[in-house]
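Heavy atoms only: backbone and side chains are in, while hydrogens, waters and symmetry mates are out. Reminder, nothing fancy here: chain letters follow the sequence lines and each chain counts from 1.
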There are 2 protein chains.
Amino acid sequence: MSTKERQIEEVVLFQIERTNKVARQYAQREFDRLALGITVEQWILLKIVEEKAPLSQKELAGSSLRDPASITRTLDLLAKKGYVKRKPIAGNRRQYDVHLTTAGKAFVKKHLPTVKEQRELSVKGLSLTEIEQLQNTLKKIQENLGG
Amino acid sequence: MSTKERQIEEVVLFQIERTNKVARQYAQREFDRLALGITVEQWILLKIVEEKAPLSQKELAGSSLRDPASITRTLDLLAKKGYVKRKPIAGNRRQYDVHLTTAGKAFVKKHLPTVKEQRELSVKGLSLTEIEQLQNTLKKIQENLGG
DNA sequence: TTTCTTTTGTTGACATATCAACTATTGATC
DNA sequence: GATCAATAGTTGATATGTCAACAAAAGAAA
């Protein structure tokens with residue numbers, strides 16, 4: 001079977017990137033409109049910490065597929081805003097337990113509905129089957145690429 | 001219908017972002033291993049220019065969903081590598097016709113097979129129906145979010 | 001225990017994403 | 001034609017993504 005020349009718009013990975021961009025841009029505009037004062041990337045970290053705290057920065061990097069350097073810097077910003085804290089671990093001075101502050105928990109609780117609305121809007125008009133199929137296909141692609 | 005609490009891993013947009021990251025990281029590792037000397041983002045711009053040249057930077061920003069500022073800087077890098085040129089337009093001193101140089105065309109031609117292999121690997125084991133379904137679903141999500 | 005290796009996190013450097021401010025030019029209105 | 005508004009591109013500032021170099025600490029090996 002020959003490999004057809006394909007316009008870049010028809011390439012699956014390009015469409016995935018495009019969808020990701022559209023979604024992030026939409027979400028950030030909503031965040032800005034509602035004056036949340038954080039970026040989408042920061043929100044995702046907050047949400048992961050909320051779900052899995054306490055966890056180390058290494059675990060946070062793994063969960064979010066980010067570089068440890070990104071985690072360090074984003075946590076610095078979130079700490080400056082008062083939403084997260086690095087707690088020293090007794091008997092281990094090499095890593096920290098990252099967790100939400102009271103203000104951080106309140107912030108997530110307050111704005112989770114907004115984020116949920118965005119999620120629901122993104123899959124509006126899609127059947128449950130379609131959504132499950134999408135998740136399955138995405139996971140297969142990730143596995144193909146060693147993710 | 002109530003809105004269930006969902007772990008972030010189960011959120012469609014999170015999986016799309018994750019797939020995008022896995023794909024970019026895989027592609028960049030391959031580029032580095034083969035010493036292409038460019039980033040994945042630069043490759044995508046090159047490919048768009050190859051397909052649509054001559055085009056303005058504004059059009060390039062639209063096609064790639066990037067900010068004009070990103071286009072300026074990435075084009076500067078690609079121009080320094082000798083792969084693209086900004087050609088003044090007769091009778092219009094406000095915009096440029098962006099196009100590939102001879103070296104740029106040769107570069108794309110030389111490395112396109114590598115990129116195609118990556119694309120094929122990414123959809124390995126997926127049926128044609130599955131791929132089409134994925135494209136359709138992604139486009140619906142983009143439309144839902146105004147993209 | 002002392003030395004060597006690995007792990008965790010930070011920092012520096014560069015590319016990219018984004019917004020805002022700015023310049024130059026073009027188009028529109030008077 | 002002169003003035004004003006819109007457009008194309010650039011630059012600055014800040015956040016993020018990534019790699020490499022690094023420091024401190026923990027674990028392994030001698």
In chain order, what residues pass the salt bridge (Lys or Arg N to Asp or Glu O under 4.0 Å) check against K52(A), with sequence neighbours excluded?
E9(B)
Rounded distance in Å - CG (N20(A)) to C1' (dA17(C))
12 Å
Nucleotide by nucleotide, nucleotides 10-21 of chain D touches protein heavy atoms under 4.0 Å in the pattern (B base, S sugar-phosphate only, - none) BBBB-SSBBB--
Name all residues meeting the salt bridge (Lys or Arg N to Asp or Glu O under 4.0 Å) criterion together with R66(A); count only those two or more places apart in sequence or in a different chain, and write none if there are none.
none
Checking side-chain hydrogen bond (donor to acceptor under 3.5 Å, both in side chains) between T137(A) and each of K140(A), K139(A), Q133(A), which is the one that passes?
Q133(A)
Measure the distance from CZ on R18(A) to P on dA17(C) and round it to the nearest whole Å.
14 Å
How long is the line joining CD of Q95(B) and P of dA6(D), in whole Å?
18 Å
Inspect the contact between E51(B) and K47(B) and indicate whether a charged nitrogen and a carboxylate oxygen are less than 4.0 angstrom apart.
yes
Separation of dT16(C) P from W43(B) CH2 (nearest whole Å):
15 Å
Checking T19(B) against Q142(A): is there a side-chain donor and acceptor pair closer than 3.5 Å?
yes
Applying side-chain hydrogen bond (donor to acceptor under 3.5 Å, both in side chains), name anything that partners D76(B), two or more places apart in sequence or on another chain.
R86(B)
Verify, without hydrogens or angle tests, whether E117(A) (side chain) and T114(A) (backbone) share a donor-acceptor contact under 3.5 angstrom.
no
Hey, what are the protein-to-nucleotides 24-29 of chain D N/O distances that come in under 3.5 Å?
unit_1  : atom_1 : unit_2 : atom_2 : d
dA25(D) : N3     : R94(A) : NH1    : 3.4
dA26(D) : OP1    : R93(A) : N      : 2.9
dA26(D) : O4'    : R94(A) : NH1    : 3.3

Contact list for residues 27-46 of chain A, test salt bridge (charged side-chain N to carboxylate O under 4.0 Å, His left out), sequence neighbours left out
R24(A)-E41(A), E30(A)-R33(A)
